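Notes follow the structure.
Values below: every heavy atom of this structure, side chains too, minus hydrogens, waters and symmetry copies. Please read all numbers here as calculations on a predicted model, not as lab measurements. Residue numbers start from 1 in every chain, and the chains themselves are labelled A, B, ... in the order their sequence lines are given, proteins ahead of strands.
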Amino acid sequence: MSLPFNVANHLDTVLRAVATKLGLADRGFQPEVRVADPANGDYQANGALAFAKREKLNPRALGQQIVDQLGGLQEHFDISLAGPGFINFRLRPATLLAWLQTYDSEEHLQAGAASARRGQTWIVDYSAPNTAKQMHVGHLRSAVIGEAICRLLAFSGAKVIRDNHIGDWGTQFGKLIWACKRHLDATALAGDPLEEFERLYKLGTKAAEADPAVLAEAQHELVKLQTGDAENLAIWKKINDVSLAAFQVIYGQLGIRFDVSLGESFYNDKVARIYRELTECGLAQESQGALVVFHPEHPRFKTQPFIIRKKDGAANYASSDLATVLYRAEHFKVDGAAYVIDFRQSDHMDQLFLTTRKWFEKTGRKLPQLEHVDFGTVLGGDGKPLKTRNGENIRLKDLLAEARERAFALVSGKNPDFPEAERRAIADVVGVASVQYADLSQNRSSDYVFAWDKMISLEGNTAAYLLYAVARIRSIFRKAGLDTGQPPVAGATAPESPQELALARKLGKFSDAVQLATGTLRPHFLGLHLYELAGAFSTFYAADKVIVDDPAVRARRLLLCHRTLVELEAGLHLLGLRTDLERM
RNA sequence: GCGAGCGUAGCACAAUGGAUAGUGUAGUGGCCUCCGAAGCCAUUGAUCCGGGUUCGACUCCCGGCGCUCGCACCA
């Protein structure tokens, strides 16, 4: 028997078969296979405890009964019954070696993982900045988390559509066009066009606030735009083109590439159908002049309306989001849609999903799995949303530039002898990766404190610590005159020392980490695995010399080094980080 | 007011109802004649309060307290 990519799933399958044989399955036995604390083994099955309790059986006797049926697993596992009825599985060293020999590259790891969601189509809605404004720190999390989720879903076999649902339509364009027609600075526009549009946007907003006549003019410009006025449409298009080009620079640095950018304007001509359908199926009603949806069974949404058409007859983001769900279901035929949007919009998302569920049910449509991938706020050291000293939003381009500068200073301090161009290249990787990883290494649901010192200090669970492990492994190969692409690992023996074993066992948990991160749409589970892997490597590296004379020992330690490199890189790539550095 | 989320060592975080609540940082004490010390080893220190469910609760339920966010036409 060859060992499967995900050992826990294999154990689950075997245990279910045993449960069937023992007549437990039809009474609801669940194996409950979990990754175990290393002190207890590699995996544990907890199912006997709950089942025995429910069926009034002795849990240890039941556990023993199950263990007695697991003879076929003895080749690969040391199996024991422990405590009140835990079944512990410890992989044998030879099995660890076999697993490591099989999963020897990023491609093979992916091949192993790709069965989980084969045949599924997912659309991921992330980033979604508004045009005419610079991307700022508030846009960071959606972009970074969204990209990681796309990669995780694709890795587990899904077809993924990356959709940038940009805010390219709305009432702000009235004020903006008003300002463009009166205050455009051609020189500034030629220099940094987005900067100029942002200035005009602020100017237009202020002017409209101060003077009702301006507001009226701006509203007129908006109506002209909406009714297809050629001049206003041209300005609008110019603004969007300029904005997208500026966004693209940021996306390039973050390793993001979208498949489609279907912004709000794309859905302009699709909202009338929403009003009609929702009214016809009895979900929508008039209230205070607006078209709204109430949910009588819901404690809050029975009185808090979901406004899908404003009293002035215009669409809003609810109408547009409903049209978007329909388009994704009809045109892309998605099985799932993940919305990477901050937690403050939870009410909106709840109302959107609730309404969609009822609407699709009434119209006989298949409902995709709808997931709000929410996330908290990026905070400053004062515990408030991160801003500049004068209270402005921090621009993403400035933030990323500072990250690279700080990384450059650090690399230069550590390795002043590296050529400057190389130090720059290293800083580009380390700086951006540090920002990305600071976000991805913790549970997305909570707010997080943005602290340069912690994220680039290179201590603890940081990108630099992981990349340092990558650099050290490359260094071992380089110094020994070996190629990481052709590791000389023939004749490797099974891991022996405690540090080799700990590292090998950690390597085998990659699949569990990917599965957990993907299943929960929480990338930090993968980050945590990579951090623990890098730690296990550092411990191994300090304890066991790799380049030794004994060919078998040398081959197996090189094998461990190589697989650590492969997994660290595969994992970091899954999180959207670059790893292309030889040394740092 | 109603609703949602969050309260874990000085600080920053982790824990898919499981075994002795993990890690980083800060503190203390060790380790470079040896493949990179941006490292390794050891050690001090925590579940907001009160009930409940469970063989077992940071996790689930109820009630407090505290912080954050949302609540009619911005997205």
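Stacking is found between A/F86 and the pyrimidine-like six-membered ring of the B/A19 base under the 5.5 Å centre-distance and 30° plane-angle cut-offs.
Partner of A/D374 under the side chain to side chain donor-acceptor pair (under 3.5 Å) criterion, chosen from A/R444, A/R344, A/R141: A/R444.
Between B/U25, B/A75, B/C73, one nucleotide has an atom nearer to the side chain of A/Q288 than all others, and that is B/C73. Side-chain proximity of A/H524 to B/A14, B/U16, B/C13: nearest is B/A14. For A/I307, counting side-chain heavy atoms from C-beta on, the closest listed nucleotide (B/G18, B/A15, B/C73) is B/C73. Candidate nucleotides B/A38, B/A14, B/A4 were compared by shortest atom distance to the side chain of A/R300, and B/A4 ranks first. Considering only the side chain of A/N443, B/A14 comes nearest among B/C35, B/A14, B/A12. Out of B/C35, B/G39, B/A75, the shortest distance to the side chain of A/Q345 is found at B/A75. Counting only heavy atoms from C-beta on, A/F343 has its side chain closest to B/C69 among B/A14, B/C69, B/G18. Closest approach to the A/R344 side chain among B/C35, B/C69, B/C40 is made by B/C69 (side chain taken as heavy atoms from C-beta onward). Ranking B/A38, B/C13, B/G39 by closeness to the A/S538 side chain, first place goes to B/G39. Listed nucleotides: B/G18, B/U16, B/G70. Nearest to the side chain of A/Q44: B/G18.
A/S346 comes within contact range of no nucleotide atom at all, as no heavy-atom separation falls under 4.0 Å. Residue A/Y541 is classed as a base contact, given a heavy-atom separation below 4.0 Å to a base. Residue contacts for A/A471: at a heavy-atom cut-off of 4.0 Å it reaches a base atom on one of the strands shown. Across all strands shown, A/D347 has heavy atoms under 4.0 Å from sugar-phosphate atoms exclusively, and none from any base. Residue A/V449 is classed as a sugar-phosphate contact, given heavy-atom separations below 4.0 Å to backbone atoms only. In this structure, A/N415 reaches the bases: a heavy-atom distance under 4.0 Å links it to at least one base atom across the strands shown. Among the atoms of the strands shown, base atoms are found under 4.0 Å from some heavy atom of A/D544. Within the 4.0 angstrom heavy-atom criterion, base atoms lie near A/N88. At the heavy-atom level, A/A128 lies nowhere under 4.0 Å from the strands shown. As judged by a 4.0 angstrom heavy-atom cut-off over every strand, A/H348 is placed among residues making no nucleic acid contact.
A 3.5 Å limit on both hydrogen-bonding distances identifies B/U28 as the Watson-Crick or G-U partner of B/A42. As the counterpart of B/U59, no nucleotide is assigned, since no Watson-Crick or G-U wobble pattern has both distances under 3.5 Å. Here B/A37 sits opposite no nucleotide as a Watson-Crick or G-U wobble pair (both hydrogen-bonding atom distances under 3.5 Å). The partner of B/C73, taking Watson-Crick or G-U wobble pairs whose two distances both stay under 3.5 Å, does not exist in any strand shown. Shown here, B/U54 forms no base pair; nothing in the strands shown gives a Watson-Crick or G-U wobble contact with both key distances under 3.5 Å. Within the shown strands, B/C13 is the pairing partner of B/G22 under the Watson-Crick or G-U definition, both distances less than 3.5 Å. Pairing partner, B/A4: B/U68, with both Watson-Crick or wobble hydrogen-bond distances short of 3.5 Å.
Nucleotide B/U16 holds its P atom 16 Å from the CG atom of A/L521, rounded to whole Å. One atom, OH of A/Y448, and another, P of B/U68, lie 20 Å apart when rounded to the nearest Å. Rounding to whole angstrom units, NZ of residue A/K545 and P of B/C32 are separated by 16 Å. A/L533 has its CG atom 17 Å from the P atom of B/U23, to the nearest Å. Atom CZ in A/F540 sits about 15 Å away from atom P in B/C35, given to the nearest Å. Rounded to a whole Å, the CG atom of A/D350 is 15 Å from the P atom of B/G70. In this entry the distance linking CZ of A/R34 with C1' of B/U59 reads 13 Å, nearest Å.
Spacing of P atoms, B/G52 relative to B/A57, comes out at 12 Å, to the nearest Å. The same atom, P, is picked in B/U43 and in B/C67; the two are 39 Å apart, to the nearest Å. With C1' as the reference atom, B/G70 and B/A75 are 14 Å apart, rounded to whole Å. Taking atom C1' on both B/U8 and B/G66, the two are 15 Å apart, rounded to the nearest angstrom. B/G18 and B/G24 are spaced 23 Å apart, taking the P atom of each and rounding to whole Å. One C1' atom belongs to B/C58, the other to B/A19, and the distance between them is 16 Å to the nearest Å. Remark: the separation of the P atoms in B/C71 and B/U59 is 31 Å, to the nearest Å. Taking the C1' atoms as reference points, B/G7 lies 6 Å from B/C48, given to the whole Å.
Looking at A/N316, its side chain has no donor and acceptor atom pair within 3.5 Å of the base of B/A72. Interface remark: the A/N130 side chain does not form any donor-acceptor pair with the B/A75 base, using a distance-only criterion of under 3.5 Å. Side-chain to base pairing of A/Y317 with B/A75: one donor and one acceptor N or O lie within less than 3.5 Å of each other. Between the side chain of A/S287 and the base of B/A72 there is at least one donor-acceptor pair of N/O atoms closer than 3.5 Å.
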Would A/R554 and A/D550 satisfy salt bridge (charged side-chain N to carboxylate O under 4.0 Å, His left out), going step by step from the backbone distance to the final call?
CA-CA 6 Å; A/R554 180 180 156 119; A/D550 184 326; over 6 Å; no

Hey, mind stepping through A/D321 and A/H348 against side-chain hydrogen bond (donor to acceptor under 3.5 Å, both in side chains) and telling me if it holds?
CA-CA 10 Å; A/D321 280 353; A/H348 171 73; 2.7 Å; yes

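Aromatic ring centres of A/H165 and A/Y317 lie farther apart than the 6.0 Å criterion allows. A/F301 and A/F306 have their aromatic ring centers separated by at least 6.0 angstrom.
Comparing A/G460 and A/A464 by the nucleotide of RNA chain B whose heavy atom lies nearest to each, the residue mapping closer to the 5' end is A/G460. Between A/H298 and A/A542, the residue anchored nearer the 5' end of RNA chain B, judged by the nucleotide with its closest heavy atom, is A/H298.
A donor and an acceptor atom, one from each side chain of A/S497 and A/D544, are located under 3.5 Å apart. Side-chain contact annotation: A/R472 with A/S538, donor-acceptor N/O pair under 3.5 Å present.
Side-chain contact between A/T564 and A/F540 is absent, with no heavy-atom pair separated by less than 4.5 Å. Residues A/L581 and A/E422 have side chains not in contact (no heavy-atom distance under 4.5 Å, counting atoms from C-beta outward).
For A/K133, the NZ atom sits in a loose shell: 12 or fewer heavy atoms of surrounding residues, nucleotides or ligands are nearer than 6.0 Å.
Within the structure, a side-chain polar atom (N or O) of A/R472 is placed less than 4.0 Å from OP1 or OP2 of B/A37.
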